[in-house]
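Comments concern the structure below.
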Amino acid sequence: MTSHSRRPFLSDLGELSETRYWVYLLLLPSLLLLFLVVAYPTIYGFFISVREMRLTRPGLNGWVGMKHYAAMMSDRVFWISLKNTAIWVVAAVTIEMALGFVAALALNRTLPGTKIFGILILLPYFLPNVVAGHMWALLLDPRLGVINDILVRLGILSTYKAWFADPNTALAATILVEAWHGFPFFALLFLAGLKGIPEDLYKAAAVDGAGAFTKFRLITVPMLKTVITAAVILRVISLVNSPDLLLVLTGGGPGNSFALCFPDSVSRLQFWLCGGSVRGDVLHPHGLCNDLHPPGAHHEGMSDV
């Protein structure tokens, strides 16, 4: 009887697998997991962002509407953080993509030593962010840094420079370090894409008299369009969600010149429960801005808990 009851079920399952609804059924477990991990926390974070939540004075808790959003929009540090974040992401991705293209094109040639060169190129990406950050912090140290010593000996600098403590150079220096650390990601994906481009296309273009740049513009870039889009999206997500390299290099300073926006305030793990904090992420209770105010500083609009 059990075998007879299974047959209709298996038969229905087999018929369902031949329809378009089978795809949605296969996606259902992943969609459910995404809802539990991403959608629910986001919705709940928005819900508590429109409420006042104080641990020590629960009687003041209640609906406040868009008060916290208005306070955030009027906060000067928030706009500085937003501007610096845009510069950080756009500059880092642009430099990394350019270096990745050059490295991938070099590695795609069948020349002696390309395998060893490929391993050396990928080494920076294998380093954890904390290790890479401490390594560059030592290389650019204002007292013991090797790079400072070389630049002074060459006459480029007159004295050793604190690259990460100077508001004029901190952001640029950190972007270059991030570019060094992240460009192998683009190189790896671009190299895989280059391997999939038929060689016949380049031969036909050469017969038509196309030069190297024309081949790159009309064949390589269009054929890698999907790879480029996916790589940029993944890298932007990674940069926005990984401030650890910045914090190792700069410690969150100097001043507001390096205020950046992240989904989580990793530097001090602030948890103000959206109680009027103009620097907290109103869509996520762990804070949006990696604020640079000293511990204990009271910021206008921040609720006392």
Side-chain angles (χ1 to χ4, degrees), residues 88-141 144-151 153-154 156 163-164 169 172-207 210-239 242 244-246 248-249:
W88 157 259
V89 173
V90 172
V93 169
T94 302
I95 297 173
E96 290 176 13
M97 187 166 60
L99 293 176
F101 245 128
V102 173
L105 291 172
L107 293 174
N108 195 41
R109 297 179 176 272
T110 54
L111 297 175
T114 52
K115 292 183 178 180
I116 298 176
F117 184 57
I119 295 174
L120 294 176
I121 282 181
L122 293 177
L123 281 179
Y125 191 66
F126 292 152
L127 292 176
N129 289 344
V130 175
V131 175
H134 282 294
M135 183 183 75
W136 277 99
L138 289 174
L139 289 173
L140 294 172
D141 187 84
L144 307 173
V146 175
I147 295 179
N148 268 320
D149 184 64
I150 293 174
L151 294 177
R153 290 176 182 273
L154 293 176
I156 299 176
W163 297 93
F164 302 116
T169 59
T174 312
I175 287 174
L176 292 178
V177 173
E178 178 58 49
W180 170 86
H181 184 252
F183 89 91
F185 171 78
F186 283 96
L188 190 62
L189 293 183
F190 291 163
L191 180 60
L194 288 172
K195 296 295 184 183
I197 300 177
E199 190 65 26
D200 295 340
L201 295 177
Y202 293 103
K203 292 180 180 178
V207 171
F213 180 74
T214 304
K215 293 178 185 177
F216 176 78
R217 182 172 59 89
L218 298 179
I219 298 177
T220 304
V221 174
M223 294 293 288
L224 292 180
K225 187 179 297 183
T226 303
V227 177
I228 294 171
T229 303
V232 169
I233 292 174
L234 291 174
R235 193 62 188 142
V236 168
I237 294 173
S238 176
L239 287 172
S242 301
D244 42 357
L245 183 63
L246 302 175
V248 170
L249 292 172

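Fair warning: this is a prediction, and the values are worked out from it, not measured in the lab.
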Write down the atom of [X], the atom of [Y], and the distance for their closest heavy-atom approach.
{"X": "Lys215", "Y": "Ala210", "value": "CE-O, 3.6 Å"}
{"X": "Glu178", "Y": "Glu96", "value": "O-OE2, 3.0 Å"}
{"X": "Ile95", "Y": "Ala179", "value": "CG2-CB, 3.5 Å"}
{"X": "Phe216", "Y": "Pro222", "value": "O-CD, 4.4 Å"}
{"X": "Ala104", "Y": "Ala187", "value": "CB-O, 3.7 Å"}
{"X": "Ala91", "Y": "Ile175", "value": "CB-CD1, 3.8 Å"}

- Has Ile156 got more than 12 heavy atoms of other residues, nucleotides or ligands less than 6.0 Å from its CD1? yes
Could you tell me the separation between the [atom1] atom of [X] and the [atom2] atom of [Y], rounded to the nearest 0.5 Å?
{"X": "Leu127", "Y": "Leu122", "atom1": "CG", "atom2": "CG", "value": "11.5 Å"}
{"X": "Leu201", "Y": "Lys203", "atom1": "CG", "atom2": "NZ", "value": "11.0 Å"}
{"X": "Leu140", "Y": "Met135", "atom1": "CG", "atom2": "CE", "value": "10.0 Å"}
{"X": "Met97", "Y": "Thr94", "atom1": "CE", "atom2": "OG1", "value": "6.0 Å"}

For the residue pair [X] and [Y], establish whether any side-chain heavy-atom pair is separated by less than 4.5 Å.
{"X": "Ile228", "Y": "Phe101", "value": "yes"}
{"X": "Leu138", "Y": "His134", "value": "no"}
{"X": "Phe183", "Y": "Ile121", "value": "yes"}
{"X": "Val93", "Y": "Phe186", "value": "yes"}
{"X": "Leu224", "Y": "Ile197", "value": "yes"}

- Note on the structure: Test side chain to side chain contact (heavy atoms under 4.5 Å, CB included), reference Leu194, set Val227, Leu107, Asn108, output is Asn108
- Return yes if some donor-acceptor pair links the side-chain N/O of His181 with the main-chain N/O of Gly133 below 3.5 Å, else return no. no
- Query: Does the Thr229 side chain pair with the main chain of Lys225, one donor and one acceptor, at a distance under 3.5 Å?
  - Reply: yes
- Query: Do you see a donor-acceptor pair shorter than 3.5 Å between the side chains of Thr214 and Arg217?
  - Reply: no
- In a check of ring-ring contact (aromatic ring centres under 6.0 Å, His included) between Trp136 and each of Phe164, Trp180, Trp163, which one passes? Trp180
- Who are the side-chain hydrogen bond (donor to acceptor under 3.5 Å, both in side chains) partners of Asp141, not counting sequence neighbours? none
